[in-house]
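Computed from a predicted model, the values in this text were never measured in an experiment. Atoms within a ligand are numbered from 1 in the order they appear, just like the ligands themselves.
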Amino acid sequence: MHILVTGGAGFIGSHLTEQLLDTGNRVTVVDNLSSGKLSNLPEHSNLKFIQKDILACKAEDFTEKIDAIAHLAAIASVNFSWVQPLEAHHNNLSATLAVIQLCEALNISRLVFTSSAAVYGNPSQLPISEEHPTAPISPYGLQKLVSEQYASLFSQKLGLSSVGLRLFNVFGPRQAPDSEYSGVISIFSNAMKQGKPITIYGDGKQTRDFIYVKDVAIAFTKALLAPLEAGSCLICNIGTGKRISLLEIVDIMKASFPQWNAPINFAPPRLADIRHSQADILKASSVLDFMPDGVMNPEIVQILAG
Ligand code: UD2
């Protein structure tokens, strides 16, 4: 297959690109390199790279037949969406609509795109199934929810089959650790590598469903290939189905960074921080045959330790 991966030079997109190439596919990556890096991509004869914003792409940019689009280009930050909501809206919502229009112009029948657990807001029950009410508490969550609604509407109109993957807390190599709002595991592993202190916001007993990035890439691959009805939009949680507290994470990580002995600081919880999060992955396992391998464990932390 020939797959167009938007945001393919980014954290999750580059792992997906690698897996698609490893399994014999051709990949065209479109990335504006706002947060992605060329160094995340392998040199490969079946890989073509286009440095462009997806909002500026036209059908003429793609001369070879494309079979499916995996849309991962986004500004995946809750905080950014509060600070610059219009910019976030363009990159997270308008960009999805632009990709849907590309599907129409290029006569593409399968679209897989990133949604987020942020669509649920504060969960009222755990684990969170796809039937849980959606009540986003950030512009980011709202942009992802409306992206799903656009995909559903246009899938019917165009006879497209689309899949929105509601990602839980993704971690793994290439996740940028350099902002206060980066994923907590990348922040902690970076601090531990440098012998620096870490800060836990709250009591550390909050839990998250941390899913390894290579498992997320597998979920995308399965969603690209799954036999689905034309005109349908499938929405699936992608997590491990397990939750783990920050204090437990720190314990696991300490074992992989035995030289680290800097302090653990405690600070007040972040505003609107969710207490617990855990995906129900029954739908992903039954419809996509998705079963994650890489639950947070010492082997994976070893990889992060480099
Ligand atoms: C995740 C997603 C976000 C959105 C949201 C929806 C990531 C990186 N972010 O936010 O995009 O989908 O879920 O609910 O996956 N923490 C510390 N110390 C630190 C950094 C974080 O204690 O230095 C805490 C933080 O307060 C939170 C937990 O660690 O309780 C996880 O934080 P996060 O920023 O990795 O992810 P989260 O769940 O806030």
Side-chain angles (χ1 to χ4, degrees), residues 7 10-12 35 72-83 85 88 91-92 113-124 126-128 132-145 147-148 164-194 196-213 215-216 237-240 242-253 260 262-279 296 304:
F11 164 47
I12 303 173
S35 60
L72 295 98
I75 300 183
S77 163
V78 168
N79 183 57
F80 182 88
S81 77
W82 280 117
V83 180
N91 285 282
N92 297 330
F113 63 99
T114 38
S115 184
S116 166
V119 301
Y120 296 114
N122 256 314
S124 57
L126 295 174
I128 309 170
H132 187 288
T134 50
I137 52 172
S138 66
Y140 177 70
L142 184 62
Q143 288 149 11
K144 289 296 183 184
L145 183 60
S147 292
E148 292 179 0
L165 299 178
R166 290 180 175 168
L167 307 184
F168 279 64
N169 288 63
V170 187
F171 75 98
R174 302 182 201 146
Q175 189 170 32
D178 37 24
S179 117
E180 194 195 334
Y181 297 93
S182 301
V184 66
I185 292 180
S186 67
I187 294 176
F188 285 1
S189 62
N190 197 45
M192 288 181 179
K193 266 183 217 168
Q194 298 178 22
K196 290 187 176 160
I198 59 169
T199 301
I200 291 181
Y201 300 113
D203 59 8
K205 292 183 184 156
Q206 67 266 47
T207 57
R208 293 291 185 276
D209 185 333
F210 287 102
I211 177 145
Y212 192 46
V213 65
D215 285 327
V216 173
N237 287 339
I238 298 297
T240 61
K242 301 184 178 73
R243 64 194 169 97
I244 181 168
S245 74
L246 274 197
L247 294 176
E248 287 170 293
I249 291 276
V250 172
D251 276 348
I252 295 172
M253 294 183 77
W260 182 74
I264 301 176
N265 300 318
F266 283 84
R270 280 179 176 170
L271 193 68
D273 200 40
I274 287 167
R275 186 71 180 155
H276 299 296
S277 176
Q278 179 184 7
M296 183 63 189
L304 294 175

(message) Looking at non-hydrogen atoms alone, which of G204, G183, G202, A74 comes nearest to atom 8 (C) of ligand 1?
(response) G183
(message) Using side chain to side chain contact (heavy atoms under 4.5 Å, CB included), reason through I137 and N122 one step at a time and then give a plain yes or no.
(response) CA-CA 8 Å; I137 52 172; N122 256 314; 4.2 Å; yes
(request) Answer side chain, backbone, both or neither: which part of I185 comes under 4.0 Å from ligand 1, heavy atoms only. (result) neither
(request) Give the numbers and elements of all ligand 1 atoms closer than 4.0 Å to a heavy atom of I200. (result) 22 (O)
(request) Check if F188 has a non-hydrogen atom at a distance under 4.0 Å from any atom of ligand 1. (result) yes
(request) Could you pull out the closest heavy-atom pair between M253 and I185, with the gap in Å? (result) CE-O, 3.8 Å
(request) Output all residues satisfying side chain to side chain contact (heavy atoms under 4.5 Å, CB included) with V213, sequence neighbours left out; order by chain, then residue number. (result) F11, I12, H15, V170, P173
(request) Say whether S182 and ligand 1 are in contact under the criterion: heavy-atom distance to a ligand atom below 4.0 Å. (result) yes
(message) When you compare ligand 1 with Y201, is there at least one nitrogen or oxygen pair between them that comes in under 3.5 angstrom?
(response) yes
(request) Quick one: look at I198 and ligand 1, take heavy-atom pairs under 4.0 Å, and tell me if it's side chain, backbone, both or neither. (result) neither
(request) Evaluate the side-chain proximity of D273 to Y201: yes if any heavy-atom separation is below 4.5 Å, no if none is. (result) no
(request) Could you please spell out the steps behind the side chain to side chain contact (heavy atoms under 4.5 Å, CB included) verdict for N92 and F80? (result) CA-CA 11 Å; N92 297 330; F80 182 88; over 6 Å; no
(request) Check each of Q206, H276, E248 against R243 using the side-chain hydrogen bond (donor to acceptor under 3.5 Å, both in side chains) test, and report the only one that passes. (result) H276
(request) Output the distance between atom OG (S115) and atom CD (Q143), rounded to the nearest 0.5 Å. (result) 11.5 Å
(message) With heavy-atom distances below 4.0 Å as the criterion, list the atoms of ligand 1 near I274.
(response) 14 (O)
(request) Classify the contact between V184 and ligand 1 as side chain, backbone, both or neither, using a heavy-atom distance cut-off of under 4.0 Å. (result) both
(request) Under the side chain to side chain contact (heavy atoms under 4.5 Å, CB included) rule, collect the residues that match up with I128, sequence neighbours excluded. (result) Y120, P123, L126, H132, F168, S277
(request) Would you kindly specify which portion of S116 sits under 4.0 Å from ligand 1, judged on non-hydrogen atoms: side chain, backbone, both or neither? (result) side chain
(request) Indicate, as side chain, backbone, both or neither, the part of Y120 found under 4.0 angstrom from ligand 1 when only non-hydrogen atoms are considered. (result) neither
(message) When you compare ligand 1 with T199, is there at least one nitrogen or oxygen pair between them that comes in under 3.5 angstrom?
(response) yes
(request) Quick one: closest heavy-atom pair of P177 and S182, and the distance? (result) C-OG, 3.4 Å
(message) I'd like to check which ligand 1 atoms, numbered from 1 as shown, lie under 4.0 Å from a non-hydrogen atom of R208.
(response) 27 (C), 30 (O), 31 (C), 37 (P), 38 (O)
(message) Minimum distance, heavy atoms only, to atom 3 (C) of ligand 1: which one of T207, N169, V78 is it?
(response) V78
